[in-house]
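Each remark here refers to the structure printed beneath this line.
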Amino acid sequence: MKQAMYLIDESGALQYNNLKEKGFFTSILSSSAVLTIRTDSISLDEKRMYFRYYGTQKIDRRSSTITRSLITEGNLTDLETRSDNNPHAVLITRWKTLENRDLLVTEKNAFQ
């Protein structure tokens, strides 16, 4: 997460802090969950420097597997110089999650 914060403005930090306050990361770690994100597509408007990301998030826990639809959007801002922390010299700005809803919840057998 520390490295990712170099690639995004305060909109990403706000999202991170909100998830942290809600105990999201603690819950993931304490349940030994495995998170996987699969990119379905990315829509990019180069003229407006705007993107929309479409993906599927899978949260695999001992007791269940949750599959979610994930859609985010934001803008891209070119930076003047590259750095070790941001080698592409592009900053994600005004990033927000538009959708993160459950598509499928599969309960697992407790005796596996």
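Only heavy atoms go into these numbers, but all of them, side chains included; no hydrogens, no water, no symmetry mates.
Note: the hydrophobic cluster containing Leu7 does not contain Tyr53 (ILVMFWY, side chain heavy atoms under 4.5 Å, direct or indirect links). In the hydrophobic clustering of this structure, Leu14 does not group with Met1; members are Ile, Leu, Val, Met, Phe, Trp, Tyr whose side-chain heavy atoms approach within less than 4.5 Å, directly or through other members. Val90 and Trp95 fall within a single hydrophobic cluster, where Ile, Leu, Val, Met, Phe, Trp and Tyr are joined by side-chain heavy atoms under 4.5 Å apart, directly or via other members.
At least one donor-acceptor pair under 3.5 Å links the side chain of Lys108 to the backbone N or O of Arg61. Distance alone, capped at 3.5 Å, is enough to place a donor-acceptor pair between the Ser31 side chain and the Ser27 backbone. Listed for the Asn86 side chain is no donor-acceptor partner under 3.5 Å among the backbone atoms of Arg82.
Expressed to the nearest 0.5 Å, how far OG1 of Thr26 lies from CZ of Phe24 amounts to 10.5 Å.
Remark: Arg68 CZ is packed, more than 12 non-hydrogen atoms of other residues, nucleotides or ligands lying under 6.0 Å away.
With sequence neighbours left out, Tyr54 forms a ring pair (Phe, Tyr, Trp, His ring centres under 6.0 Å) with no residue at all.
In summary, the side chains of Asp9 and Ser11 do present a donor paired with an acceptor at a separation below 3.5 Å, with no hydrogens or angles considered. Side-chain contact check for Glu99 and Ser69: at least one donor-acceptor pair (N or O, by modelled atom type) lies under 3.5 Å. Judged purely by distance below 3.5 Å, without hydrogens or angles, the side chains of Asp60 and Thr65 pair a donor atom with an acceptor atom. Remark: the Asp102 side chain and the Thr67 side chain contain no N/O donor-acceptor pair separated by less than 3.5 Å.
Applying the side-chain hydrogen bond (donor to acceptor under 3.5 Å, both in side chains) test to residues at least two apart or on different chains, the pairs with a partner in residues 41-50 are Tyr50-Arg52, Tyr50-Glu73.
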